[in-house]
Amino acid sequence: MRRMRMTLGLTLRSAQGRWTSNASRGCSHGSLGLFVPASPPLDPEKVKELQRFITLSKRLLVMTGAGVSTESGIPDYRSEGVGLYARTDRRPIQHRDFVQSAPVRQRYWARNFVGWPRFASHQPNPAHWALSNWERLGKLYWLVTQNVDALHTKAGSRRLTELHGCMHRVLCLNCGEQTARGVLQGRFEMLNPTWSAEAHGLAPDGDVFLTEEEVQSFQVPSCARCGGPLKPDVTFFGDTVNHDKVDFVHKRVREADSLLVVGSSVQVYSSYRFILTAQEKKLPIAILNIGPTRSDHLACLKLDSRCGELLPLIDPR
């Protein structure tokens, strides 16, 4: 895999109590080429095949992954040449490390604090809007996303399950109190009025890269209700998805008459198991993803195209 070093110059610092960031503007279009892998030109025959697949579907379940959001400027982990694993030697935080170590939480929240203005500013792209429109017109029965960026919600999707949670919410590990991530940003600012940092590189899920020296002086707030440690309302690597949520999605799959995977390599078992359920139910499966997936052998249709380029071409009526 080819490697490239990214220096985005993200900065966040205080100036007389007023926090500013150069990372909060222009995220979508300028980052498109950075995080979306190369794909072949659209094949008109493949487009027609997907159109037939959607036309015949009456209770369509769609499962989306990071390949939907890369076109909004959010990097993913696995895309060839452009994902985090290809660009750096860094790996995502592990659930057990976060829960057991205060220094790990301090490092995570410092990096997340710097990256949040940019991450929160990302907007839906044509793929998100197309799926929202399918729901509005009654074509999309249910949407399951592995993404934690809230872009489907921003686009208006409501028949939605966020399988791995959402970065826009924060939970207390002790009492379960839920807080909006934007509110927590204000608490960070109050605790760190003179702290400043410059990040080099951008990771998925609102993360950036900081030096250990920058992290050491960063102050992390506790739960306002009980004083417990705070964690994003997302499933970190090494953790498991809530059983009730898994059961809920299995039911939606069994109620569907077809399954479309959009922008996911389906490498993580938390999503792959729903493909297996669809196969057991003998549902037709279509996959739209640049590059191979874990489920290609189970699909009746595979398309290697950009989600935001292809989905708006499909008539859901």
_Enumerate the salt bridge (charged side-chain N to carboxylate O under 4.0 Å, His left out) contacts for residues 123-139, please, sequence neighbours excluded, ordered by first and then second residue._
none
*Hey, could you give me each pair passing salt bridge (charged side-chain N to carboxylate O under 4.0 Å, His left out) that has a residue in residues 56-65? Not counting sequence neighbours.*
none
_Thr64 and Thr145 side chains, donor-acceptor separation under 3.5 Å_ = yes
*Determine whether the side chains of Ser270 and His164 contain a donor N or O and an acceptor N or O closer than 3.5 Å.*
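His164 and Ser270 do have a side-chain donor-acceptor pair below 3.5 Å.
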State plainly whether one hydrophobic cluster holds both [X] and [Y], where clusters connect Ile, Leu, Val, Met, Phe, Trp and Tyr through side-chain heavy atoms under 4.5 angstrom apart.
| X | Y | answer |
| --- | --- | --- |
| Phe218 | Val170 | yes |
| Ile290 | Leu50 | no |
| Met63 | Leu311 | no |
| Leu210 | Phe98 | yes |
| Ile314 | Leu131 | yes |

*asked:* Does anything in residues 228-237 form a side chain to side chain donor-acceptor pair (under 3.5 Å)? List the pairs, not counting sequence neighbours.
replied: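 Those involving residues 228-237 are Arg169-Asp233.
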_side chain to side chain donor-acceptor pair (under 3.5 Å) partners of residues 277-291, not counting sequence neighbours, each pair once_ =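 Every side chain to side chain donor-acceptor pair (under 3.5 Å) pair that includes a residue of residues 277-291, provided the two are not neighbours, is His250-Thr277.
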*Among all residues two or more places apart in sequence or in another chain, which pass the ring pair (Phe, Tyr, Trp, His ring centres under 6.0 Å) test with Tyr272?*
none
_Row check, Tyr141 ring normal vs Arg159 NZ/CZ: under 6.0 Å, within 45°_ =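 Satisfied, under 6.0 Å and within 45°.
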Roughly how far, to the nearest 0.5 Å, is [atom2] of [Y] from [atom1] of [X]?
| X | Y | atom1 | atom2 | value |
| --- | --- | --- | --- | --- |
| Arg254 | Leu283 | CZ | CG | 11.0 Å |
| Ile287 | Arg294 | CD1 | CZ | 12.0 Å |
| Gln216 | Gln106 | CD | CD | 7.5 Å |
| Leu288 | Cys307 | CG | SG | 4.5 Å |
| Gln185 | Met190 | CD | CE | 13.5 Å |
| Glu214 | Ser217 | CD | OG | 8.5 Å |

*Quick one: sort the Phe119 and Trp116 rings into parallel, tilted or perpendicular, breaks at 30° and 60°.*
tilted
Would you check if [X] and [Y] make a side-chain contact, meaning some heavy-atom pair closer than 4.5 Å?
| X | Y | result |
| --- | --- | --- |
| Asn112 | Arg181 | yes |
| Leu143 | His152 | yes |
| Ser295 | Phe274 | no |
| Ile74 | Leu151 | yes |
| Leu260 | Trp134 | yes |
| Ser72 | His128 | yes |
| His122 | Asp149 | no |
| Leu259 | Val253 | no |

*asked:* To check you understand the geometry: which heavy-atom pair defines the closest contact between Ser305 and Leu42, and what is its length?
replied: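 Looks like OG-CD2, 3.3 Å.
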Side-chain donor-acceptor pairs under 3.5 Å in residues 240-248, sequence neighbours left out?
{"residue": "Asn242", "atom": "OD1", "partner": "Asp244", "partner atom": "N", "Å": "2.8"}
{"residue": "Asn242", "atom": "OD1", "partner": "Lys245", "partner atom": "N", "Å": "3.1"}
{"residue": "Lys245", "atom": "NZ", "partner": "Glu162", "partner atom": "O", "Å": "2.8"}

*asked:* Could you list the cluster mates of Leu56? Members are the ILVMFWY residues connected by side-chain heavy atoms closer than 4.5 Å, either directly or through other members.
replied: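 Listed partners: none, Leu56 stands alone.
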Any donor-acceptor pair under 3.5 Å from [X] side chain to [Y] backbone:
| X | Y | answer |
| --- | --- | --- |
| Glu71 | Asn125 | no |
| Asp304 | Ser39 | no |
| Thr161 | Leu163 | no |

Could you pull out all residues at least two apart from [X] that satisfy side-chain contact (heavy atoms from CB on, under 4.5 Å)?
| X | value |
| --- | --- |
| Thr55 | Gln51 |
| Glu45 | Asp43, Lys48 |
| Ser258 | Phe53, Ser57, Leu60, Pro284 |
| Ser101 | Pro103, Val104 |

Let me have the donor-acceptor pairs involving side chains of residues 223-230, under 3.5 Å, with sequence neighbours excluded, atom names and distances please.
{"residue": "Arg225", "atom": "NH1", "partner": "Glu177", "partner atom": "OE1", "Å": "3.1"}

_Working for side-chain contact (heavy atoms from CB on, under 4.5 Å), residues Val261 and Thr293_ = CA-CA 10 Å; Val261 177; Thr293 82; over 6 Å; no
*Taking the six-membered ring for Trp, are Phe188 and Trp109 ring centroids under 6.0 Å apart?*
yes
